[in-house]
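What follows is a set of notes on a single structure, which appears directly below.
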There are 2 protein chains.
Amino acid sequence: MEKTDILAKLPGAFTESALRQEMITHGKFITVNKDDTIVREGQFLDFLPIVITGEIRVFQQKEDREILLYYVREGQTCMMSLSAAYFSQTSTSYGVATKPSEIFVFPTRLVNEWQLKYSSWNAFLIQTFRSRYDELLGSFESVAFDPIDKRLLTYLKNWAQKENSPKIVISHQNLAYELGTTRVVVSRILKGFEQQGKVKLFRGYIQLK
Amino acid sequence: MEKTDILAKLPGAFTESALRQEMITHGKFITVNKDDTIVREGQFLDFLPIVITGEIRVFQQKEDREILLYYVREGQTCMMSLSAAYFSQTSTSYGVATKPSEIFVFPTRLVNEWQLKYSSWNAFLIQTFRSRYDELLGSFESVAFDPIDKRLLTYLKNWAQKENSPKIVISHQNLAYELGTTRVVVSRILKGFEQQGKVKLFRGYIQLK
DNA sequence: AGAAAACGGTATCAAAAGTTACATAACTCA
DNA sequence: TGAGTTATGTAACTTTTGATACCGTTTTCT
């Protein structure tokens, strides 16, 4: 890919042209396939990824259960990597591409350098910390206070809104993973929703009504 | 209190003398009593607090249940306030002093100004975001994956370690609040721990063995 | 001292969620 | 086409947690 093309794909948030030039000079452009693992638990991070296109799912895993933390979408970066960039640490989460994605990666040492030189980079970092924190707080509140059926319905509605379609393409098993529960529980609750007329169930997808 | 005394109490992390001078010039020193509320849910924040002495408990509340997010201790600031300082927002948490405390507060506009001018202030902010994020992530993992008895035991052990004493002075009711459950549940589990010889129960405190 | 509040113990019941097991339908692919 | 895989449905059961109620003891406050 040409450098000018990469430039065009960089989030518009980076206003300083000197910064954009540095990003192109030092960054490395990589593409990943669906289900490729970008970051795994325990991995030492010496790079910071910014998603150009596609989506990375960031989650935690304990034994055979996992739970969704958040998604990294276009123009965003991974909180765990950013964190590790400041204080050399290993990741406590997994990052897996949910679709074919293009990612721009930088050596972590630049994260600090740029912060002092470029205010738009600094704003990007603060914005990232802040929004990831809010997201996590939201998840926390939800797990701490809300019963699973409510969380499940919220998840479905969010999906439908995000995709702008009432057809939610996901298996019960994967829904269970997202919410940190089990397949049987999800099937049971969904069947309840169907009887209440809230959804219609099909193999491989759910129609929100 | 004399300004020189305040200076002496500022966290050593603020290395630039110009910054320390600005903090004294623009900051306001306040003292609060135990159980005083510093921040409440829905409150608009136009100040950033740094705890000089004492401790602030930050928690969430829904109806009559609450759950601990973290403590703000000496030299630390409140994540929610910091967050609000960047993006004018209201707090979604409560902050209550657990003991008589001294707090230094600044107008939020300075938070941004200082970040560009003083690198030690910037490092302080990043460190704050980062450590609060990690704490919240820890709480999240715990709530998502661990049964209450395990969380309770962890809480007791952390307390004992922090205070360097096996005598944990807290009521069952307050333990329940910290963990987001109810008094009866805590009493039941603690009694179980006692029968297993893990603790010894007294009125008003718990002896960890 | 006497009342009120705080603290803790415990029994009983209900609800939520997880576990195990088994069955059927649909899809995939050699 | 037929075997293997994936997706879903559902029953029965257990465990965990929460809700309610009532008790006696200790502390606090007037």
Side-chain angles (χ1 to χ4, degrees), chain A residues 34-35 61-68 139 141-156 159 167-208, chain B residues 34-35 61-68 98 141-156 159 167-208:
Chain A
K34 179 163 157 41
D35 297 328
Q61 195 165 44
K62 289 261 179 85
E63 282 116 50
D64 58 344
R65 287 176 60 198
E66 56 180 58
I67 192 159
L68 174 70
S139 301
E141 288 177 45
S142 176
V143 169
F145 293 114
D146 298 340
I148 295 188
D149 53 354
K150 184 174 172 188
R151 290 201 284 136
L152 176 53
L153 194 56
T154 301
Y155 185 94
L156 296 178
W159 177 302
K167 182 176 175 180
I168 296 139
V169 183
I170 190 174
S171 71
H172 295 187
Q173 179 62 69
N174 284 332
L175 264 176
Y177 283 146
E178 297 285 271
L179 299 171
T181 181
T182 62
R183 202 269 309 168
V184 177
V185 171
V186 169
S187 292
R188 183 194 296 159
I189 292 170
L190 282 175
K191 191 46 88 177
F193 285 168
E194 189 173 49
Q195 278 157 9
Q196 296 166 42
K198 288 177 179 163
V199 301
K200 206 157 185 309
L201 302 179
F202 302 89
R203 181 188 174 89
Y205 68 98
I206 297 155
Q207 188 87 23
L208 194 58
Chain B
K34 179 165 155 43
D35 297 329
Q61 194 166 44
K62 290 262 179 83
E63 283 117 50
D64 58 343
R65 287 178 59 198
E66 56 180 58
I67 192 159
L68 174 70
T98 62
E141 288 177 45
S142 175
V143 169
F145 293 113
D146 298 338
I148 295 189
D149 53 354
K150 185 174 172 188
R151 289 201 285 137
L152 177 52
L153 194 57
T154 300
Y155 185 93
L156 297 178
W159 177 301
K167 182 175 174 180
I168 295 139
V169 183
I170 190 173
S171 70
H172 294 186
Q173 178 61 69
N174 284 333
L175 264 176
Y177 282 146
E178 297 285 271
L179 299 170
T181 180
T182 62
R183 203 265 311 167
V184 177
V185 171
V186 169
S187 293
R188 183 195 295 160
I189 293 170
L190 283 176
K191 191 46 87 175
F193 285 168
E194 190 174 49
Q195 279 158 9
Q196 295 167 41
K198 289 178 179 162
V199 300
K200 205 157 187 308
L201 302 179
F202 302 89
R203 182 188 175 89
Y205 68 97
I206 297 155
Q207 188 86 24
L208 195 58

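Each chain gets a letter, A, B and so on, in the order the sequences are listed, and its residues count up from 1.
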Nucleotide [N], atom [atom2] - distance to [atom1] of [X] in whole Å:
X        : N      : atom1 : atom2 : value
B/Lys191 : D/dT17 : NZ    : C1'   : 20 Å
B/Phe193 : C/dG8  : CZ    : C1'   : 17 Å
B/Asp146 : D/dT16 : CG    : P     : 14 Å
B/Leu152 : D/dG18 : CG    : P     : 12 Å
A/Leu175 : D/dG9  : CG    : P     : 12 Å
A/Gln195 : D/dG9  : CD    : P     : 10 Å

**Asked** Looking only at side-chain N and O atoms, does B/Thr181 come under 4.0 Å of OP1 or OP2 in D/dG18?
**Response** yes
| query | Looking at B/His172, does any N or O in its side chain come under 4.0 Å of the phosphate oxygens OP1/OP2 on C/dA6? | reply | no
Out of [options], whichever nucleotide has its closest atom nearest the side chain of [X]:
X        : options                : answer
A/Ile148 : D/dT8, C/dG18, D/dT10  : C/dG18
A/Ser187 : D/dG9, C/dG8, D/dA11   : D/dG9
A/Val185 : C/dT10, D/dT10, C/dT19 : C/dT19

Hey, does the side-chain of A/Arg183 have a donor or acceptor N/O within less than 3.5 Å of a partner on the base of C/dG18?
no
- request: Please evaluate the base of D/dT6 for a donor-acceptor partner in the side chain of A/Arg203 within a cut-off of under 3.5 Å?
  value: yes
